[in-house]
Each structure stands twice: as structure tokens, then as C-alpha cells.
There are 2 protein chains.
Amino acid sequence: MVKAAAPGVDWREDRRRSAREAIVAAAWALVEQDGLAGLSLRDLAQRAGITTPTVYAYFDSKNAIYDAMFGQAAEQFLAHMSAVEVTGNARSDLVAELSQFAEFCISNVARYQLLFQRTIPGFAPSADSYGHAVAALDRVQVRLAALGFTDPRLLDLWTAMGTGLVDQQISNDPGGDRWLRLIEDAVDMFLAHFPPEPPPKRKRAKR
Amino acid sequence: MVKAAAPGVDWREDRRRSAREAIVAAAWALVEQDGLAGLSLRDLAQRAGITTPTVYAYFDSKNAIYDAMFGQAAEQFLAHMSAVEVTGNARSDLVAELSQFAEFCISNVARYQLLFQRTIPGFAPSADSYGHAVAALDRVQVRLAALGFTDPRLLDLWTAMGTGLVDQQISNDPGGDRWLRLIEDAVDMFLAHFPPEPPPKRKRAKR
DNA sequence: GTCTATAGCTGGATAGAC
DNA sequence: GTCTATCCAGCTATAGAC
């Protein structure tokens with residue numbers, strides 16, 4: 001209504017944007033059902049209530065759709081991981097972090113595959129979409145650093161543990177919790193061997 | 001030559017068997033190049049020096065080819081993992097085990113995907129092929145048990161660590177060694193938190 | 001922007017001669 | 001068993017009317 005004349009972002013752009021989002025939403029619904037690689041533009045158009053050529057009015061190619069999905073997934077990942085509460089206690093924070101990560105991955109396997117595995121043959125995310133993903137991973141690093149883990153090798157070991165648990169869970173016990181139950185054990189193991197550096201000097205009041 | 005009349009395994013069967021193996025070999029060459037899902041029967045036939053219908057003289061369907069590949073991969077996995085030397089020292093044995101596993105996975109990513117990830121839409125290994133894979137995984141369990149690790153949760157954590165390192169290596173640093181270098185750290189972490197049970201009582205003569 | 005219609009291609013799988 | 005020829009389904013993508 002009062003959306004008046006913001007330069008370049010008028011109702012026209014809004015319409016187009018929401019139409020694009022509707023297509024992407026339909027794409028998510030399909031890949032969650034038929035698998036990431038099984039997406040076809042025919043099905044997509046039908047699901048979105050339009051025809052195939054209309055899809056091309058909004059996306060240049062099928063990969064452009066994957067790219068939009070990738071960007072959205074990265075945003076969702078950032079939001080999901082930012083929602084975890086920080087207490088300052090290393091153990092509970094690491095458990096929360098890992099649980100949140102696992103929940104994100106498992107709640108949408110297709111999204112996990114798109115974002116973290118490279119399973120679509122000709123697809124590589126655009127620089128723009130990839131930027132979101134990098135930002136999300138940076139955040140993980142920052143949070144771990146706040147807990148006293150700064151050694152890059154430690155960070156790599158941490159991500160390996162996380163993806164390993166998630167990967168085994170998805171591949172070998174889908175729908176179950178055989179590996180999810182091990183999250184606390186994994187964190188304890190990690191903490192026992194790599195005690196966090198002493199309090200990261202919470203000296204940031206001044207500024 | 002002296003292969004005479006072994007009942008049911010005459011030269012006819014041998015010819016057929018070697019023809020099948022040639023097709024499977026061509027399939028491996030193709031998937032290593034174009035990705036596991038990118039395999040097409042046209043390309044396969046061309047690579048094998050035959051025509052598409054001839055492929056069907058040896059395999060009922062494309063999935064039957066994947067199945068033969070799966071069985072072969074499982075056999076190779078068992079052989080590769082059996083080649084690692086056992087010293088009885090937990091640390092060096094675990095490092096060797098994990099290194100061997102990583103080497104196997106990384107040396108042929110398509111094989112890794114076929115065997116350990118479920119990435120081909122309509123494909124599930126036959127009971128026969130799957131049996132080989134189960135045997136191979138059993139062997140891992142037995143070897144860990146010999147080192148004093150019998151808790152099934154421990155085994156799951158161990159496999160998660162292994163696949164996590166391999167997965168990160170393949171996905172995020174293909175051709176490099178960023179995660180491979182962490183194998184020793186990972187083993188130390190594992191050992192520090194879960195010291196193996198005292199010598200597995202090599203007293204099993206009786207029985 | 002949205003449609004109908006279709007091009008153009010590639011896929012797995014089969015028929016039938018030899 | 002191996003071929004030529006082909007079917008039929010699916011796909012991405014485009015042309016052109018409205």
C-alpha cells in the first residue's frame with residue numbers, strides 16, 4: 001500500500017520476486033519427494049500451476065533454479081544455526097551446535113545434498129549464492145572461536161565429526177537416531193582431547 | 001588348457017563371464033570420468049566396443065550393471081581392507097585402518113558413492129551383492145573388536161569419524177590432503193577418550 | 001507474461017535379420 | 001550373440017500467437 005516508489009523496488013519487482021519464490025517453493029516440494037536430481041521442469045511447472053515456458057520467464061535454465069535453491073538453503077542454514085542459544089558453557093554449546101546442525105540436515109535431505117554434497121552433475125553455485133554459504137560457515141568458525149577453539153585443524157576435525165554423524169545417520173539409519181544419539185559422546189570425546197583455551201577474554205564492553 | 005569339464009563351468013561360461021567383466025570394466029572407466037549417475041548405456045556400449053543391444057545380452061537392465069559394479073566394489077573393499085597389517089598396537093593399527101579406508105574411498109570417488117552413499121535413484125543392491133558389502137563391514141567390526149573396542153556405540157562413532165573425514169576431503173578439498181592429515185589426530189582423540197579394553201585375553205584356545 | 005505447440009535431443013529398452 | 005533399425009518416453013529449451 002504505502003510501498004510507494006522506492007526506486008527500483010516497485011510492485012513490479014515484488015510481483016516478479018514472489019512469482020520466482022513460488023516456483024522455488026514448488027521445486028523444494030518436488031525434490032523432497034523425488035530426490036534432488038529427479039527434478040524436472042515439467043513436474044515443476046505443473047506443481048507451480050504454470051506451464052514449462054513460463055518457468056523460463058523467471059529462470060534462464062534449470063541450473064538457475066538450483067542456484068536459487070542453493071542460495072535459499074544457505075540463508076536458511078545461517079538462520080537455523082543462528083537460532084541456537086549461547087550459554088558460554090563449552091559442552092552444552094557444542095552439543096547444541098551439533099544437534100542444531102544435524103536437525104537442519106536431516107529435516108531436509110535434498111537440501112543437505114544440494115548445500116553440502118556435490119551431487120548435481122553440471123551445477124555449481126553462482127558466486128552470489130555461494131557467498132551466503134561461506135557466510136554461514138564463517139559463523140560456525142566464529143562461534144567455535146568464541147568457545148576457545150581457534151586452531152584451524154580443530155575446526156576441520158569438528159566439521160568432519162559433524163558431517164560424519166549426519167552422513168551415517170542419513171545413509172544407514174534414515175528416520176532413526178542411531179548416530180544422532182552419539183552427539184553427546186562425540187562432543188565429550190572432542191572436549192576431552194582438545195580442552196578449549198582459557199576464557200576468550202570477554203573484554204568487549206568497552207567500544 | 002586342462003580346464004576340462006568342470007561341471008557347469010566350461011569355457012562357455014568363462015567366455016560369458018569375461019565378456020560381462022569387460023562391460024563392467026568399461027562402466028567403471030565411464031563413471032570415474034562422468035560421474036556415477038552419468039552412466040549411459042550408449043556410451044557404455046561404445047566404450048566396450050559393442051552395441052547397445054549386445055549389452056542386454058549380458059545384463060537385464062542398467063540397474064543390473066550397477067549391481068554388478070556394487071558387488072565388485074564390495075569385493076575390492078574387502079580385499080583392500082584386508083591388506084592392512086595388524087601389529088596389535090592400537091594406535092598404529094587404527095591409523096592404518098583409517099588411512100586404508102580413506103585411500104580406498106578417495107582413489108575412486110564414484111565407487112565410494114556407489115558403495116556407501118545411496119545416490120542412484122532407482123537402484124538398490126541385490127541380496128547377493130549386498131552380502132559382500134555386509135561381509136566387508138563385519139570385518140571392520142571384528143578388527144576393532146580385536147583391538148578391544150566392542151561397544152557398538154563406539155563402532156558407530158568410529159565409522160562416523162571415518163566417513164566424516166573422507167566426506168569432507170572429497171567434497172571440500174578434492175585432490176588435496178586437508179582432512180587426510182587429521183587422521184592421526186582423530187585416532188588420538190578417539191583413543192584418549194575411549195581407551196581400549198585391556199588385552200582382549202588372547203585365551204581362546206579352549207572351547 | 002502466459003499460453004500452445006514443437007523442436008531437438010538423449011535416455012533405456014526391444015524387434016528381427018543374420 | 002551380434003548387429004541395424006527403431007520405438008517410445010522423458011528431458012530442456014524455444015518459436016510464436018495472444
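Below, chain A is the first sequence line, B the second, and so on; all start at residue 1.
- The nearest whole Å value for the distance from the CD1 atom in A:I120 to the C1' atom in D:dC11 is 14 Å.
- As rounded to whole Å, 13 Å separates atom C1' of D:dA13 from atom CG of A:N63.
- Atom CD1 of B:I23 and atom C1' of D:dT2 are 12 Å apart (whole Å).
- Sorted by residue number, the members of residues 39-50 of chain B with any non-hydrogen atom under 4.0 Å from DNA chain C read B:L39, B:S40, B:L41, B:R42.
- Here the straight-line distance linking atom CD of A:Q113 with atom CG of A:N108 works out to 9.5 Å at 0.5 Å rounding.
- What separates NZ of B:K62 from C1' of C:dA13 is a distance of 12 Å, to the nearest Å.
- With sequence neighbours excluded, the residues that form a side chain to side chain contact (heavy atoms under 4.5 Å, CB included) with B:A96 are B:V84.
- Protein atom CG of A:L30 is 16 Å distant from nucleotide atom C1' of D:dG10, rounded to whole Å.
- Every residue two or more places apart in sequence or in another chain that forms a side chain to side chain contact (heavy atoms under 4.5 Å, CB included) with A:Q72 is listed here: A:V24, A:W28, A:Q76.
- Here the P atom of nucleotide D:dT12 and the OH atom of A:Y58 are 19 Å apart, to the nearest Å.
- Pairs passing the side chain to side chain donor-acceptor pair (under 3.5 Å) check and including a residue from residues 131-140 of chain A, sequence neighbours excluded, read A:E97-A:R139.
- Comment: B:R91 engages B:E184 in a salt bridge, judged by a side-chain N to carboxylate O separation of less than 4.0 angstrom.
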Can you name the atoms? Protein N/O to nucleotides 14-18 of chain C N/O, anything below 3.5 Å, with the distance.
none

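- Between the side chains of A:D167 and A:Q117, at least one donor N or O lies within less than 3.5 Å of an accepting N or O.
- In this structure, B:R111 satisfies the cation-pi test against B:F104, with its NZ or CZ atom closer than 6.0 Å to the six-membered ring centre and inside 45 degrees of the ring normal.
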As a quick check of understanding, evaluate ring pair (Phe, Tyr, Trp, His ring centres under 6.0 Å) for A:F190 and A:F149, giving each step before the final call.
CA-CA 11 Å; A:F190 187 78; A:F149 301 102; 5.3 Å; yes
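- A sub-4.0 Å separation between OP1 or OP2 of C:dT2 and a side-chain N or O of A:T51 is absent.
- Going from atom CZ of A:F59 over to atom C1' of C:dG1 covers 15 Å, rounded to whole Å.
- Contact check, A:T54 against C:dG1: no side-chain N or O comes under 4.0 Å of OP1 or OP2.
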Side-chain atoms of residues 121-130 of chain A: list all donor-acceptor pairs with protein atoms under 3.5 Å, sequence neighbours left out, distances to 0.1 Å.
unit_1 : atom_1 : unit_2 : atom_2 : d
A:S126 : OG     : A:D67  : OD1    : 3.3
A:S126 : OG     : A:D67  : OD2    : 2.7
A:S126 : OG     : A:S129 : N      : 3.3
A:S126 : OG     : A:S129 : OG     : 3.4
A:S129 : OG     : A:D67  : O      : 3.2
A:S129 : OG     : A:D67  : OD1    : 3.3
A:S129 : OG     : A:D67  : OD2    : 3.2

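- Backbone-only contact: B:R16 has heavy atoms under 4.0 Å from sugar-phosphate atoms and none from a base.
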